[in-house]
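In what follows, every heavy atom counts, from backbone to side chain, and hydrogens, waters and symmetry copies are set aside. Since the structure is predicted, the reported quantities are computational estimates derived from the model, not experimental observations.
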Amino acid sequence: QVRLEESGGGSVQAGGSLRLSCIMSGDTDTPNCVAWFRQAPGKEREGVAAVYLGGGSTHYDDSVKGRFTISRDNSKNTVSLQMNSLKPEDTAMYYCAAAQRYYDPSVGGPREYPYWGQGTQVTVSS
């Protein structure tokens with residue numbers, strides 16, 4: 001079993017920054033890809049960014065390219081999401097997810113990820 005725990009959410013004004021962290025525990029050798037998803041009230045869960053833990057390749061949704069950066073520290077079983085130039089439309093619950101995936105240069109959909117954290121709220125005010 002893989003366990004994921006997010007931290008780092010909060011409230012900021014537009015243009016501000018936040019850094020989210022996801023710590024993996026349990027069977028950490030199973031997943032080769034970790035992603036961040038978000039879900040706003042009344043909307044579907046959408047992929048934001050993903051990183052392959054072996055080679056380090058990263059992939060982003062177009063809505064966050066140039067503003068968000070995903071990174072991993074395999075020695076600490078941690079994946080982070082640095083979010084800069086935040087906008088009100090970034091407001092959502094952010095989830096960390098993990099999977100064993102064949103390489104795909106995209107974040108992928110939520111059904112591809114069997115392991116999920118509980119989420120952390122990000123609120124951006126205008």
Side-chain angles (χ1 to χ4, degrees):
Q1 186 64 280
V2 177
R3 293 181 294 277
L4 304 171
E5 182 174 358
E6 305 96 336
S7 63
S11 298
V12 295
Q13 291 189 329
S17 298
L18 282 173
R19 186 176 181 86
L20 306 182
S21 293
C22 173
I23 298 177
M24 293 191 296
S25 60
D27 187 9
T28 57
D29 290 335
T30 294
N32 68 337
C33 182
V34 175
W36 287 94
F37 285 78
R38 66 186 180 186
Q39 188 167 19
K43 294 189 176 181
E44 293 186 354
R45 193 167 295 190
E46 63 177 2
V48 174
V51 60
Y52 282 85
L53 301 179
S57 62
T58 57
H59 308 283
Y60 298 91
D61 183 78
D62 286 345
S63 65
V64 305
K65 280 181 181 177
R67 300 188 299 123
F68 290 10
T69 302
I70 190 170
S71 61
R72 94 280 195 220
D73 184 338
N74 291 340
S75 67
K76 297 181 179 179
N77 292 323
T78 299
V79 172
S80 299
L81 185 69
Q82 178 66 40
M83 305 186 295
N84 299 329
S85 302
L86 283 161
K87 305 176 181 179
E89 51 263 44
D90 294 319
T91 295
M93 184 71 79
Y94 282 70
Y95 298 91
C96 178
Q100 179 73 25
R101 297 178 76 204
Y102 288 107
Y103 180 73
D104 179 358
S106 73
V107 180
R111 292 183 179 181
E112 298 180 50
Y113 292 81
Y115 307 109
W116 291 84
Q118 295 299 308
T120 185
Q121 177 68 37
V122 171
T123 302
V124 185
S125 58
S126 57

Measure the spacing between [atom1] of [X] and [atom2] of [Y] and express it to the nearest 0.5 Å.
X      : Y      : atom1 : atom2 : result
Arg38  : Glu89  : CZ    : CD    : 8.0 Å
Lys76  : Ser21  : NZ    : OG    : 10.0 Å
Arg3   : Glu5   : CZ    : CD    : 10.5 Å
Ser126 : Gln13  : OG    : CD    : 9.0 Å
Ser7   : Gln118 : OG    : CD    : 13.5 Å
Cys22  : Trp116 : SG    : CH2   : 11.0 Å

Specify the closest pair of heavy atoms between [X] and [Y], including all atoms of both residues, with the distance to one decimal.
X      : Y     : result
Ser125 : Pro88 : C-CG, 4.5 Å
Lys43  : Gln39 : O-NE2, 3.1 Å
Ala92  : Ala40 : CB-N, 3.8 Å
Pro31  : Asp27 : CD-O, 3.6 Å

* Are Val107 and Met93 joined in one hydrophobic group, where the rule is that I, L, V, M, F, W and Y side chains link up if heavy atoms are under 4.5 Å apart? -> yes
* **Gly119 backbone acceptor or donor facing Glu6 side chain under 3.5 Å** => yes
* **Exam field: side chain Arg72 to backbone Gly54, donor-acceptor pair closer than 3.5 Å** => yes
* Would you please say whether a donor-acceptor pair under 3.5 Å links the side chains of Tyr113 and Arg101? => yes
* Asked: So does Tyr103 have more than 12 non-hydrogen atoms from other groups sitting under 6.0 Å from OH?
  -> yes
* Give a yes or no on whether a salt bridge exists between Lys65 and Asp62, defined as a side-chain N under 4.0 angstrom from a carboxylate O. => yes
* Hydrophobic clusters join Ile, Leu, Val, Met, Phe, Trp and Tyr when side-chain heavy atoms are under 4.5 Å apart, directly or via other members; which others share one with Val2? -> Leu4, Val12, Leu18, Leu20, Met24, Val34, Trp36, Val48, Val51, Leu53, Tyr60, Val64, Phe68, Ile70, Val79, Leu81, Met83, Leu86, Tyr94, Tyr115, Val122, Val124
* Verdict with reasoning, Ser80 to Arg19, per side-chain contact (heavy atoms from CB on, under 4.5 Å) -> CA-CA 7 Å; Ser80 299; Arg19 186 176 181 86; 3.5 Å; yes
* Asked: Once the angle between the rings of Tyr52 and His59 is folded into 0 to 90°, is it parallel (under 30°), tilted (30 to 60°) or perpendicular (over 60°)?
  -> perpendicular
